[in-house]
K.L.:
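First the structure, then my questions, so here it is.
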Amino acid sequence: MNTAKIIKLYPSNDSQYKPSLLDNKQRYEVVISLFNECNMACTFCADRLRNTEKLSKHAVDLRIKHFNTLCDSGIFTQPHVDIKLFGGELFQDKYSDNQFGLYQYFVDTIKDKLESMQRTFQLFVSSNMIFKNQKRVFEWLKANKVIIRCSFDFNGRFTKRYQLQQFVKNVYACKDAGLDPHLAVIITNDCIDTIVNQQSCELLDVFNQFYSDGILAQFDYYDGSDTIMNSTSSIVDPSQPSEERLVDFMIYLDQHYTDVDFIQEMYKASHQNRHCCHGATITDKLYYECCNLHDVTLSILDKKSCYTCPFFNICPGMCNRVFHNSGSFCHLKAFFEYLQAKQQ
């Protein structure tokens with residue numbers, strides 16, 4: 001058995017980790033960063049040491065070692081595991097075919113491990129979609145039945161014009177190849193400003209054209225983890241929208257972009273579709289859970305008065321780590337009230 005130390009990403013008030021309040025039937029999620037090197041320089045990237053670790057067999061073997069440690073710890077009580085893989089950027093053109101082959105080596109190795117445990121898995125990959133060698137990328141994605149998420153932001157990402165052009169070209173090519181790409185969009189104040197105010201810009205035109213063509217955005221909460229890491233106090237992050245602003249944004253999406261996952265998940269809301277789940281993060285170290293899920297869940301349940309909420313039994317929940325320091329107002333409850341009034 002591997003003896004690599006499992007490190008908690010966030011400090012706990014308890015000496016030992018306690019099981020989550022989540023149903024054991026929920027999925028387990030493992031987020032894996034294979035290396036740091038990227039071919040872009042997004043202004044908001046939290047990975048300040050982005051170029052210190054290159055793609056290599058050593059880096060991949062280290063992640064496999066940590067993954068085996070995770071498996072051998074006995075925490076995979078669920079029958080299914082979601083594997084979310086990213087770099088750095090995985091699909092850089094400068095990587096040789098031998099280097100690119102390390103991805104298949106990695107997938108085959110973790111697949112063998114999970115099959116030996118009678119576990120199924122789904123592989124998700126996040127990419128900035130800045131590459132020219134479409135053939136090897138699309139063939140690999142298809143061979144491994146990967147769900148591809150294309151990172152998209154309205155500010156700070158496409159610092160050079162050719163990057164946006166390459167992104168658009170590859171997203172459409174990905175769709176034409178039958179891979180069903182989704183845009184991965186983080187909800188920041190800048191994002192809300194651009195979409196709600198319909199600020200005239202090329203990126204908004206691209207976003208709207210994607211939506212019209214059935215390439216939908218998958219919105220996710222901004223977590224500001226580089227700002228609040230290991231902090232128990234409430235820190236104001238200028239990129240972090242308030243919950244009041246979040247519900248206004250959700251209503252706007254429902255009225256103008258109804259088909260996006262973030263809204264459809266509310267229409268199909270249930271405890272079986274929880275936002276939070278058991279999860280680990282693997283970089284050059286192994287982090288057991290992305291937060292003290294037990295502690296922050298208790299904090300959310302108390303501050304939001306969840307047990308007395310009329311929507312508690314269908315609520316998919318929020319990211320408990322992001323919102324455990326927020327107040328009593330709940331953007332999900334407010335959106336459920338909006339939906340209820342809309343249906344009357």
K.L.:
If you group Ile, Leu, Val, Met, Phe, Trp and Tyr by side-chain heavy-atom gaps below 4.5 Å, do Leu90 and Leu62 land in one group?
P.N.:
no

K.L.:
So, for Gln122 and Lys145, which heavy atoms are closest and what is the spacing to 0.1 Å?
P.N.:
NE2-O, 2.9 Å

K.L.:
Test your reading of the model: is there a side-chain donor-acceptor pair from Asn39 to the backbone of Ile130, 3.5 Å cut-off?
P.N.:
yes

K.L.:
Please walk me through it: do Asp205 and Gln209 pass side-chain hydrogen bond (donor to acceptor under 3.5 Å, both in side chains)?
P.N.:
CA-CA 6 Å; Asp205 293 340; Gln209 189 61 57; over 6 Å; no

K.L.:
CG of Leu85 to OG of Ser126: how many Å apart, nearest 0.5 Å?
P.N.:
8.5 Å

K.L.:
Spell out, yes or no, whether Ile83 and Val107 are grouped together once hydrophobic residues are joined by side-chain heavy atoms under 4.5 Å, including indirect joins.
P.N.:
yes

K.L.:
In terms of side-chain heavy atoms, does Glu89 have a donor or acceptor partner in Tyr95 at a distance below 3.5 Å?
P.N.:
no

K.L.:
Write down the atom of Asn133, the atom of Asp93, and the distance for their closest heavy-atom approach.
P.N.:
N-OD1, 3.0 Å

K.L.:
Check whether any side-chain N or O of Asp254 sits under 3.5 Å from a backbone N or O of Met250 as a donor-acceptor pair, and report yes or no.
P.N.:
no

K.L.:
Would a distance-only check, ignoring hydrogens and angles, find a side-chain to backbone donor-acceptor pair under 3.5 Å from Asn170 to Phe131?
P.N.:
yes

K.L.:
Carefully, step by step, assess Asp82 and His80 under the rule side-chain hydrogen bond (donor to acceptor under 3.5 Å, both in side chains).
P.N.:
CA-CA 7 Å; Asp82 284 343; His80 180 81; 2.9 Å; yes

K.L.:
As a quick check of understanding, evaluate salt bridge (Lys or Arg N to Asp or Glu O under 4.0 Å) for Asp284 and Lys65, giving each step before the final call.
P.N.:
CA-CA 10 Å; Asp284 57 339; Lys65 175 184 176 182; over 6 Å; no

K.L.:
Can you confirm whether more than 12 heavy atoms, excluding those of Lys111, are under 6.0 Å from its NZ atom?
P.N.:
no

K.L.:
Picking from Arg136, Lys135, Lys142, what satisfies salt bridge (Lys or Arg N to Asp or Glu O under 4.0 Å) with Glu139?
P.N.:
Lys135

K.L.:
Determine the minimum heavy-atom distance between Ala334 and Val247, stating which atoms define it.
P.N.:
CB-CG2, 3.6 Å

K.L.:
Is the shortest heavy-atom distance from the side chain of Phe86 to the side chain of Ser127 under 4.5 Å?
P.N.:
no

K.L.:
For residues Gln343 and Tyr267, report the shortest heavy-atom separation together with the two atoms involved.
P.N.:
NE2-CE2, 4.3 Å

K.L.:
Between Asp261 and Lys268, does at least one N-O distance fall below 4.0 Å, as a salt bridge requires?
P.N.:
no

K.L.:
Between Gln163 and Asn128, does any side-chain donor sit less than 3.5 Å from a side-chain acceptor?
P.N.:
no

K.L.:
Do Val125 and Lys84 have side-chain heavy atoms sitting under 4.5 Å apart?
P.N.:
no

K.L.:
Determine the sole option in Phe249, Phe219, Phe207 for which the ring pair (Phe, Tyr, Trp, His ring centres under 6.0 Å) test with Tyr257 is passed.
P.N.:
Phe207

K.L.:
State, yes or no, whether a side-chain contact exists between Lys304 and Glu243 at a heavy-atom distance under 4.5 Å.
P.N.:
yes

K.L.:
Report yes if the distance between the aromatic ring centroids of His256 and Tyr252 is under 6.0 Å, otherwise no.
P.N.:
yes

K.L.:
Say whether Ile147 and Phe121 are linked into one hydrophobic cluster, either directly or through other cluster members, by side-chain heavy-atom distances under 4.5 angstrom.
P.N.:
no

K.L.:
Hey, does Phe335 have a side-chain heavy atom less than 4.5 Å from the side chain of Ile263?
P.N.:
yes

K.L.:
Can you give me the closest heavy-atom contact between Leu114 and Phe76, atom names plus distance?
P.N.:
CD2-CE1, 3.9 Å

K.L.:
Enter the distance from Ser151:OG to Phe167:CZ here, rounded to the nearest 0.5 Å.
P.N.:
7.5 Å

K.L.:
Taking the side chain from Arg63 and the backbone from Ser33, do they hold a donor-acceptor pair closer than 3.5 Å?
P.N.:
yes

K.L.:
Strictly distance-based, threshold 3.5 Å: is any side-chain N or O of Ser96 a donor or acceptor partner for the main-chain N or O of Gln99?
P.N.:
yes

K.L.:
Are side-chain heavy atoms of Ile215 and Lys175 found at a separation under 4.5 Å?
P.N.:
yes

K.L.:
Using modelled atom types only, decide if a donor and an acceptor are shared between the side chain of Gln264 and the backbone of Thr258 within a distance under 3.5 Å.
P.N.:
yes

K.L.:
Assess whether side-chain contact (heavy atoms from CB on, under 4.5 Å) is satisfied between Gln166 and Lys132, documenting all intermediate values.
P.N.:
CA-CA 8 Å; Gln166 190 73 62; Lys132 295 181 180 178; 3.6 Å; yes

K.L.:
Quick check: are there more than 12 heavy atoms from other residues, nucleotides or ligands sitting under 6.0 Å from CD of Gln255?
P.N.:
yes

K.L.:
Is there a donor-acceptor pair closer than 3.5 Å between any side-chain N or O of Gln92 and the backbone N or O of Glu37?
P.N.:
yes

K.L.:
CD1/Ile110 to OH/Tyr105 distance, rounded to the nearest 0.5 angstrom?
P.N.:
11.5 Å

K.L.:
Would you call Glu202-Arg161 a salt bridge at under 4.0 Å N-O?
P.N.:
yes

K.L.:
Is NZ or CZ of Lys333 both nearer than 6.0 Å to the six-membered ring centre of Phe311 and within 45° of the ring axis?
P.N.:
no

K.L.:
Do side-chain atoms of Asp302 reach the backbone of Leu298 as a donor and acceptor pair under 3.5 angstrom?
P.N.:
no

K.L.:
Would you call the rings of Phe210 and Tyr172 parallel, tilted or perpendicular if under 30° counts as parallel and over 60° as perpendicular?
P.N.:
tilted

K.L.:
Are any non-hydrogen side-chain atoms of Val185 and Asp220 less than 4.5 angstrom apart?
P.N.:
no

K.L.:
How many angstroms lie between NZ in Lys160 and CE in Met40, if you round to the nearest 0.5 Å?
P.N.:
9.5 Å

K.L.:
Tell me whether the centres of the aromatic rings in Tyr103 and Phe106 are closer together than 6.0 Å.
P.N.:
no

K.L.:
Strictly under 6.0 Å, is that where the ring centroids of Phe262 and Tyr221 end up?
P.N.:
yes

K.L.:
Check Thr194 against Cys201 and note the closest heavy-atom contact, atom names and distance.
P.N.:
CG2-SG, 4.0 Å

K.L.:
Is it possible for you to say whether Phe124 and Val31 belong to one hydrophobic cluster, with membership spreading through side-chain heavy-atom contacts below 4.5 Å?
P.N.:
no

K.L.:
Between Asn189 and Tyr222, is the side-chain hydrogen bond (donor to acceptor under 3.5 Å, both in side chains) condition met? List the steps.
P.N.:
CA-CA 9 Å; Asn189 279 317; Tyr222 171 76; over 6 Å; no

K.L.:
In Å and rounded to the nearest 0.5 Å, what is the CG to NE2 distance from Asp61 to His58?
P.N.:
8.5 Å

K.L.:
Calculate, to the nearest 0.5 Å, the distance between atoms CG and CG belonging to Leu253 and Asp248 respectively.
P.N.:
11.0 Å

K.L.:
Under a 4.5 Å cut-off applied to non-hydrogen side-chain atoms, are Asn208 and Gln198 in contact?
P.N.:
yes

K.L.:
Strictly distance-based, threshold 3.5 Å: is any side-chain N or O of Arg157 a donor or acceptor partner for the main-chain N or O of Asn155?
P.N.:
no

K.L.:
For Thr120 and Val81, run side-chain contact (heavy atoms from CB on, under 4.5 Å): C-alpha distance rounded to whole Å, both residues' side-chain angles, the deciding distance at 0.1 Å, then the answer.
P.N.:
CA-CA 6 Å; Thr120 60; Val81 182; over 6 Å; no

K.L.:
So Val60 and Ser56, side-chain contact (heavy atoms from CB on, under 4.5 Å) or not? Walk me through it.
P.N.:
CA-CA 6 Å; Val60 173; Ser56 67; over 6 Å; no

K.L.:
So Leu141 and Phe91, do their side chains get closer than 4.5 Å, heavy atoms only?
P.N.:
yes

